[in-house]
Amino acid sequence: MRAAVIGAGYVGLVQAAGLTHLGHTVTVGEVDGERVERLREGDIPIYEYGLETLVTRALGHGLLSFTDDNVEAVAGAEVVFLTLPTPQAPDGRADVSYIDQVVDELAPVVAEGTILVTKSTVPVGTAERLRRRLEELGSGARIVSNPEFLREGTAVEDFLNAERIVIGSFDRADGERVAALYRGLGSRILHTDPTSAELIKYGANAYLAARLTFANALANLAEHVGADILDVVEGIGLDRRIGPHFLRPGPGYGGSCFPKDTKALVAIAEDAGYDFELLRTVIEVNEQQPRIVVRRIDELVGGLDGSVIGMWGVAFKAGTDDTRESPALAIARLVREGGGSIRAYDPEASHPDVEMAVDPVDAVKGADLLLVATEWPEFMRVDLEQVAAVMRGSVVFDVRNLLDPEVVRAAGLRYHGWGRPRI
Ligand code: UGA
């Protein structure tokens, strides 16, 4: 089939490359002409494992093309995926103006029956609103909601091994046409109405955020009562009704999705006349997490003022160069506010607000404390003898519980995990 993707961000690029992998022909429309030039050369502007291989292969087979003209992108496409940003507006609501503009731009030019698919996360009710807009404009285009569930860093794998494809349509025949594009995946396809599909997306992210926040709260409690959170979550997760995933405690959730989507869902609920108190609390508790971490740093170094902290990781999680809403940045800010200084190393990410070191050992030179803020596996392979030799102090505070405490101690350092007994 012939498809178009509008917006060459990480969702759009993975969607486009993934569809070509399934044998479809895809044209991507992207307003940033410079980005288009780079993409045509197979130069991927984001770090996403496996994406470059798929894009290069698709370009080689002539299945993938890029243009800075959206109208040109949709010519001959049966299905058009809208993968545009929906940033957070100051009031917490998602800003859908990019989507609205593109729908207005494409409505008069697409052929009768062309399906416009909302792929990026849009407020509940958007499909219905766009359907009415198309009617107003006298366009014969159709609307389908097909939310994405891709995680940054493993987006290609998530696309190719999708656990479910959710397709929300006003007319089942439209839904079936979109489903046909994914047939090669063999994934479970769930057909719903568009509003339910939109709520599934928000519901999934909000549930995961709440579940993780629960694990973080338990870890905070474990700190006080002297339990080992790793054993606790393992013991909880062995219950099949609960399962082991998304219970790894840490400095709080971040990234471009959870913080934005949880706030947007609270606003959606508010607009609909429902107070989503549970989710409001999750957001508040998560926002406190970096403060709790910094309070602990303060204790460990005997007062933040004048302290030097070496931080491993600034990305919001491992496997990505994304620092949006990263808890590591919130921690760095709070350390500085307390009079401490911070130097960080990250294998992929950097941020102008944080002084970046060239390697993990460089980051801890003269430091009183090493904070492990992101769970990059390479940190487990750093020579801790070298770390101990260059640090001023000897405390390792591993908020992700990544390192092996025995290995840390063997290097002559003091290990502190998160929610683990203090030994
Ligand atoms: C999330 C969802 O997992 C995807 O399904 C969804 O498609 C995506 O948002 C989106 O809406 O686009 P992502 O933001 O890439 O994906 O990140 P996750 O891997 O879900 O992690 C979110 C946050 O939770 C990170 O800060 C991570 O460090 C934290 N986390 C996650 C933990 O602290 N512990 C865990 O056990 C799991």
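Heavy-atom basis, side chains included; hydrogens, waters and symmetry copies ignored. Counting convention: from 1, in listed order, for ligands and their atoms alike.
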Exercise. Tell me which part of Arg400 gets within contact of ligand 1: side chain, backbone, both or neither, using heavy atoms under 4.0 Å.
Key: side chain
Quiz item: Using heavy atoms and a threshold below 4.0 Å, how should the contact between Tyr202 and ligand 1 be classified: side chain, backbone, both, or neither?
Solution: neither
Quiz item: Around atom CZ of Phe149, are there more than 12 heavy atoms of other residues, nucleotides or ligands at under 6.0 Å?
Solution: yes
Quiz item: Which one holds for Thr320 and ligand 1: side chain close, backbone close, both close, or neither close, with close meaning a heavy atom under 4.0 Å?
Solution: neither
Quiz item: Is His24 atom NE2 crowded by more than 12 heavy atoms from other residues, nucleotides or ligands, each under 6.0 Å away?
Solution: yes
Practice problem: Would you mind finding which of Lys260, Arg151, Arg248 brings a heavy atom closest to atom 16 (O) of ligand 1? | Solution: Arg151
Quiz item: Does Thr121 reach ligand 1 with a nitrogen or oxygen that is under 3.5 Å from one of the ligand's nitrogen or oxygen atoms?
Solution: no
Quiz item: Closest non-hydrogen protein atom to atom 25 (C) of ligand 1, residue and atom name please, with distance?
Solution: Phe316 CD1, 3.6 Å
Practice problem: Please write down residue, atom name and distance for the protein heavy atom closest to atom 26 (O) of ligand 1. | Solution: Gly254 N, 2.9 Å
Quiz item: Is there a donor-acceptor pair under 3.5 Å between the side chain of Thr56 and the backbone N or O of Glu52?
Solution: yes
Self-check item: ligand 1 contact on Leu212 by region, counting heavy-atom pairs under 4.0 Å
Solution: side chain
Quiz item: atom 13 (P) of ligand 1: which protein heavy atom is closest, and how many Å away?
Solution: Lys317 NZ, 3.8 Å
Practice problem: Taking the six-membered ring for Trp and the single ring otherwise, decide whether the centroids of Trp312 and Tyr345 are under 6.0 Å apart. | Solution: no
Exercise. Assign the ring pair Phe258 / Phe246 to parallel, tilted or perpendicular, where the plane angle (0 to 90°) is split at 30° and 60°.
Key: tilted
Quiz prompt | Distance filter under 4.0 Å to Glu152 heavy atoms, resulting ligand 1 atoms | solution = 15 (O)
Self-check item: Interfacing atoms of ligand 1 (cut-off 4.0 Å, heavy-atom, Phe149)
Solution: 4 (C), 5 (O), 6 (C), 7 (O)
Quiz prompt | Expected output: side-chain Arg343 to main-chain Asp362 donor-acceptor under 3.5 Å | solution = yes
Self-check item: atom 4 (C) of ligand 1 - nearest protein heavy atom and its distance
Solution: Leu150 O, 3.4 Å
Self-check item: Protein contact to atom 20 (O) of ligand 1 [nearest heavy atom, distance to 0.1 Å]
Solution: Phe246 CZ, 3.2 Å
Practice problem: Could you list the atoms of ligand 1 found under 4.0 angstrom from a heavy atom of Cys257? | Solution: 8 (C), 9 (O), 10 (C), 11 (O), 12 (O), 14 (O)
Self-check item: Main-chain N/O of Gly250 paired to Gln289 side chain as donor or acceptor, under 3.5 Å
Solution: yes
Quiz item: Can you list the atoms of ligand 1 that are under 4.0 Å from a heavy atom of Tyr10?
Solution: 12 (O)
Exercise. Considering heavy atoms of the protein only, find what lies nearest to atom 23 (C) of ligand 1 and give residue, atom and distance to 0.1 Å.
Key: Tyr253 CB, 3.7 Å
Quiz prompt | Whether over 12 other heavy atoms sit under 6.0 Å from Glu34 CD | solution = no
Quiz item: Just wondering, more than 12 heavy atoms not from Tyr47 lying within 6.0 Å of its OH?
Solution: yes
Quiz prompt | Lys201: numbered ligand 1 atoms lying under 4.0 Å from its heavy atoms | solution = 6 (C), 7 (O), 10 (C), 11 (O), 12 (O)
Quiz item: Does Arg291 CZ have over 12 foreign heavy atoms under 6.0 Å away?
Solution: no
Practice problem: Say whether Asn205, considering both its backbone and side-chain N or O atoms, lies within less than 3.5 Å of an N or O atom on ligand 1. | Solution: yes
Exercise. Just let me know how Asp261 lines up against ligand 1, side chain, backbone, both or neither, with a heavy-atom cut-off below 4.0 Å.
Key: side chain
Exercise. On the 0 to 90° scale, with breaks at 30° and 60°, tag the Tyr182-Phe81 ring pair as parallel, tilted or perpendicular.
Key: perpendicular
Quiz item: What's the shortest distance from atom 1 (C) of ligand 1 to any protein heavy atom, and which residue and atom give it?
Solution: Phe258 CE1, 3.4 Å
Quiz item: Within 45° of the six-membered ring axis of Phe397 and under 6.0 Å from that ring's centre, is NZ or CZ of Arg296 located there?
Solution: yes
